[in-house]
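First listed ligand is number 1; within each ligand, the first listed atom is number 1.
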Amino acid sequence: LTTGIVRVRSFRPSDRDACLALFDANAPQYFGHNERQEFAAFLDGLPPTFLVAERDLSGLLACGGIEIYPDRGEAEFRWVMVAPSAQKRGLGRVLMLLGARHLVERTAIRSILAYTTPQSAAFFGRLGFPTEIVRDELDYWTEGLDLRLLKIQLPRDARDVIAEQLERYPHLRV
Ligand SMILES: CC(C)(COP(=O)(O)OP(=O)(O)OC[C@H]1O[C@@H](n2cnc3c(N)ncnc32)[C@H](O)[C@@H]1OP(=O)(O)O)[C@@H](O)C(=O)NCCC(=O)NCCS
């Protein structure tokens with residue numbers, strides 16, 4: 001990941017199997033196998049604000065996006081996952097920041113929910129925005145995999161915070 005350009009682009013139907021492979025690589029540690037069908041159905045719905053990160057010839061390294069619920073005035077971070085060999089190098093953060101940027105630039109929504117696990121909650125907490133725990137629930141995803149529901153609030157200067165953070169990843173092309 002430190003060599004070569006990683007490109008971030010919108011999800012295409014032909015990415016379906018590669019996204020499911022990212023899921024499989026992170027299950028059962030972070031996702032329950034029972035969630036696979038739900039993820040496949042999500043992808044089949046051609047989510048409009050779902051991104052993938054790829055490096056030439058090595059396939060997809062990560063995917064993740066944001067789903068907007070205009071009626072509720074809220075958004076949700078959805079299905080963010082990074083290939084195990086590419087984790088902790090900023091890809092997850094960049095995908096989430098781009099989702100947040102989409103919100104800031106295109107909508108009036110500033111509140112984002114993340115249905116995650118206690119294991120991955122710290123990642124969302126480190127995006128740079130005020131974050132609170134809404135709810136914890138044992139065995140929510142599957143036995144042994146608990147829910148931690150987070151609410152992330154984008155501040156007034158979110159646009160600047162996002163731009164500043166994205167500058168830290170010059171090898172990523174969006
Ligand atoms: C969680 C996940 C998406 C994070 O993406 P990533 O590319 O590995 O993480 P990043 O490098 O962007 O991390 C950003 C920051 O969060 C921290 N972080 C990442 N994962 C973390 C974790 N599991 N626990 C604590 N901190 C974490 C990083 O250390 C980094 O900290 P910094 O502010 O010091 O730089 C990725 O590790 C993953 O795919 N995990 C398995 C699937 C999963 O749990 N998805 C979330 C389901 S809701």
Side-chain angles (χ1 to χ4, degrees), residues 1-9 11 15 18-43 47 49-55 58-67 74-101 111-152 158 161-174:
L1 194 65
T2 44
T3 57
I5 297 295
V6 175
R7 284 173 210 289
V8 178
R9 59 167 174 79
F11 170 82
D15 297 321
C19 286
L20 288 171
L22 290 174
F23 177 98
D24 292 337
N26 281 298
Q29 199 179 352
Y30 298 106
F31 296 111
H33 288 302
N34 54 326
E35 293 175 75
R36 195 178 196 275
Q37 215 176 339
E38 198 199 325
F39 182 45
F42 171 82
L43 296 173
T49 44
F50 195 67
L51 299 171
V52 299
E54 68 181 349
R55 191 172 47 191
S58 46
L60 292 195
L61 296 174
C63 64
I66 198 161
E67 196 158 6
E74 264 177 346
E76 279 177 25
F77 282 134
R78 296 301 310 272
W79 298 110
V80 56
M81 59 196 81
V82 179
S85 61
Q87 288 180 5
K88 299 267 173 92
R89 295 176 193 180
L91 277 179
R93 170 182 269 144
V94 166
L95 293 178
M96 298 297 90
L97 289 174
L98 292 172
R101 188 172 78 177
S111 203
I112 311 173
L113 297 176
Y115 285 80
T116 186
T117 57
Q119 292 93 308
S120 300
F123 159 71
F124 292 97
R126 296 190 70 80
L127 289 177
F129 309 117
T131 300
E132 62 175 288
I133 299 174
V134 178
R135 179 159 68 92
D136 279 336
E137 195 172 318
L138 290 179
D139 299 327
Y140 174 91
W141 301 107
T142 187
E143 208 184 327
L145 209 50
D146 304 336
L147 168 73
R148 174 155 291 174
L149 173 57
L150 299 174
K151 188 171 193 164
I152 296 146
V161 175
I162 293 165
E164 214 169 276
Q165 290 206 62
L166 287 174
E167 273 171 21
R168 291 168 53 190
Y169 304 98
H171 61 291
L172 291 175
R173 295 284 149 73
V174 181

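In Gln29, the CD atom is not crowded: 12 or fewer heavy atoms of neighbouring residues, nucleotides or ligands sit closer than 6.0 Å. The number of heavy-atom neighbours closer than 6.0 Å to CD of Glu164, taken from other residues, nucleotides and ligands shown, is 12 or below.
Here the straight-line distance linking atom CG of Leu60 with atom CZ of Arg55 works out to 12.0 Å at 0.5 Å rounding.
Tyr140 and Tyr115 have parallel rings, their planes meeting at less than 30° on a 0 to 90° scale where 60° marks the start of perpendicular. In this pair, Trp79 and Phe42 present their aromatic rings tilted. The plane angle is within the 30 to 60° band.
Under a 3.5 Å cut-off, the side chain of Glu35 and the backbone N or O of Gly32 do form a donor-acceptor pair.
Protein residues having a heavy atom under 4.0 Å from any atom of ligand 1 are Asn26, Tyr30, Phe31, Val80, Met81, Val82, Gln87, Lys88, Arg89, Gly90, Leu91, Gly92, Arg93, Tyr115, Thr116, Gln119, Ser120, Ala122, Phe123, Arg126, Arg168, listed by chain and number.
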